[in-house]
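Encoded as structure tokens, the structure appears first; notes follow it.
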Amino acid sequence: MKINNFKAHDSILNQFLSELRDVSVQTDSMRFRRNIERIGEIMAYEISKELVYGPRVIKTPLSTAVENVPAAQPVIATILRAGIPFHQGFLNYFDHAQNAFVSAYRKYTDEAHFDIHIEYIASPRLDGKTLILTDTMLATGASMEYAYEALLTKGRPAHVHIASVIASQQAVEHIRKVFPDEKTTVWCATIDPELNEHAYIVPGLGDAGDLCYGEKE
């Protein structure tokens with residue numbers, strides 16, 4: 001399994017990530033969503049380099065040109081709800097892609113313990129396709145695991161790209177254990193060192209869903 005940590009190489013992505021973390025900027029929910037979307041666009045461009053390409057003859061006003069284009073479009077799958085702006089960033093670049101959505105949420109049994117519940121899935125067939133599975137925050141890795149298991153009811157993809165803005169080291173190790181090694185690539189803007197007692201990423205950025213769309217009950 002290949003782990004791509006964008007923090008290893010400085011780029012403009014650092015600015016978007018720093019604003020996502022900054023409590024003085026987080027109060028602007030529109031900017032918060034847009035920065036997540038921007039990071040999705042950057043990752044989409046990098047993932048596009050991993051696709052299979054083939055020649056296409058293009059008729060121009062003056063002659064013809066041959067351009068290498070993706071041989072097949074990926075399926076972009078997103079875990080609701082914080083994943084929506086991240087998904088849009090990918091869709092801005094993969095504008096011909098098919099799309100899938102999974103609802104996964106934490107159901108707490110007490111203040112420190114929870115189970116992951118899947119309640120909704122909408123997806124095309126996935127057999128033999130490239131699946132880009134996105135979630136803004138990869139805390140424990142359990143939501144990503146269960147979302148993937150739900151998506152497998154729609155077929156087995158040829159390759160899975162897991163994309164997140166911030167992942168914990170614990171989640172990365174979990175993904176290594178539960179995803180098929182030779183068929184999985186992980187992309188994240190940064191990897192943070194730990195989780196707190198409520199399984200939130202530290203230093204992280206807080207609750208991405210609430211910062212995007214307002215607090216939930």
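Keep in mind that the numbers below use all heavy atoms, side chains included, and drop hydrogens, waters and symmetry copies.
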Are the side chains of Thr134 and Ile79 in touch, meaning some heavy atoms are under 4.5 Å apart? no
Measuring only between side-chain heavy atoms, which start at C-beta, is Tyr148 closer than 4.5 Å to Pro157? yes
Checking Ile47 against Trp187 for the side chain to side chain contact (heavy atoms under 4.5 Å, CB included) test, could you report, in this order, the C-alpha distance in whole Å, the side-chain angles of both residues, the deciding distance, and whether it holds? CA-CA 9 Å; Ile47 291 174; Trp187 307 77; 3.4 Å; yes
Under a 4.0 Å threshold between the charged nitrogen and the carboxylate oxygen, would Arg34 count as salt-bridged to Glu41? yes
Identify which one of Val102, Val186, Asp135 satisfies the side chain to side chain contact (heavy atoms under 4.5 Å, CB included) criterion when paired with Met144. Asp135
Are Phe86 and Ile132 grouped together when hydrophobic residues (ILVMFWY) are joined by side-chain heavy atoms under 4.5 angstrom apart? yes
Determine, stepwise, if the pair Leu17 / Val165 fulfils side chain to side chain contact (heavy atoms under 4.5 Å, CB included). CA-CA 8 Å; Leu17 180 61; Val165 176; 4.0 Å; yes
Only pairs under 3.5 Å count here: list side-chain donor-acceptor contacts from residues 57-71, not counting sequence neighbours, and write none if there are none.
residue, atom, partner, partner atom, Å
Thr60, OG1, Leu62, N, 3.1
Thr60, OG1, Ser63, N, 2.9
Thr60, OG1, Ser63, O, 3.2

What's the spacing between Ile39 CD1 and Ser164 OG if we round to 0.5 Å? 10.0 Å
Enclosure of Glu173 CD (heavy-atom neighbours >12, cutoff 6.0 Å): yes
Ignoring hydrogens and angles, state whether a donor on the side chain of Gln26 or Asp22 is under 3.5 Å from an acceptor on the partner side chain. no
Would you check if the side chain of Thr190 reaches a backbone N or O of Asn5 as a donor-acceptor pair within less than 3.5 Å? no
Could you check whether any side-chain N or O of Arg33 sits under 3.5 Å from a backbone N or O of Cys212, counting only pairs where one atom can act as donor and the other as acceptor? yes
Answer yes or no: are there more than 12 heavy-atom neighbours, outside Lys49 itself, under 6.0 Å from its atom NZ? yes
Would you say Ser168's side chain and Leu195's backbone share a donor-acceptor pair under 3.5 angstrom? no
Is it the case that the side chain of Asp181 and the backbone of Phe179 share a donor-acceptor pair, with hydrogens and angles ignored and the cut-off at 3.5 Å? no
With clusters defined by side-chain heavy atoms of hydrophobic residues (ILVMFWY) lying less than 4.5 Å apart, directly or transitively, does Val172 cluster with Tyr146? yes
Would you say OH of Tyr53 has more than 12 non-hydrogen atoms from neighbouring residues, nucleotides or ligands within 6.0 angstrom? yes
Taking the side chain as C-beta and beyond, is there a heavy-atom pair between Ile121 and Phe101 under 4.5 Å? no
Out of His161, Met1, Arg176, His159, which residue meets the side chain to side chain contact (heavy atoms under 4.5 Å, CB included) rule with Thr184? Met1
Counting C-beta onward and ignoring hydrogens, is there a side-chain heavy-atom pair between Leu151 and Leu133 closer than 4.5 Å? yes
Ignoring hydrogens and geometry beyond distance, is a side-chain donor-acceptor pair present between Lys129 and Gln73 at under 3.5 Å? no
Partner residues of Glu149 under the salt bridge (charged side-chain N to carboxylate O under 4.0 Å, His left out) criterion, sequence neighbours left out: none
Please report the C-alpha distance between Phe94 and Leu51 in whole Å, then the side-chain angles of each, then the deciding distance to 0.1 Å, and finally whether the side chain to side chain contact (heavy atoms under 4.5 Å, CB included) criterion is met. CA-CA 12 Å; Phe94 294 117; Leu51 302 181; 3.7 Å; yes
Measure the spacing between OG1 of Thr27 and CE of Met30 and express it to the nearest 0.5 Å. 13.0 Å
Ion pair Arg21/Asp192, N-O distance below 4.0 Å: yes
Between CD1 of Ile3 and CD1 of Ile191, what distance do you get to the nearest 0.5 Å? 6.5 Å
Can you find a pair of side-chain heavy atoms, one from Gln169 and one from Pro193, that are under 4.5 Å apart? no
All N/O donor-acceptor pairs, side-chain side in residues 201-210, below 3.5 Å, sequence neighbours left out:
residue, atom, partner, partner atom, Å
Asp207, OD1, Gly209, N, 3.1
Asp207, OD1, Asp210, N, 3.0
Asp207, OD2, Tyr200, OH, 3.4
Asp207, OD2, Lys216, NZ, 3.0
Asp210, OD1, Arg81, NH2, 2.5
Asp210, OD1, Lys216, NZ, 3.1

Flag for Asn4-Glu46: side-chain donor and acceptor within less than 3.5 Å: no
Backbone N or O of Ala171 within a donor-acceptor pair of the Thr140 side chain at under 3.5 Å? no
Side chain to side chain contact (heavy atoms under 4.5 Å, CB included) between Phe16 and Ile42, intermediate numbers included: CA-CA 11 Å; Phe16 306 146; Ile42 292 170; 3.9 Å; yes
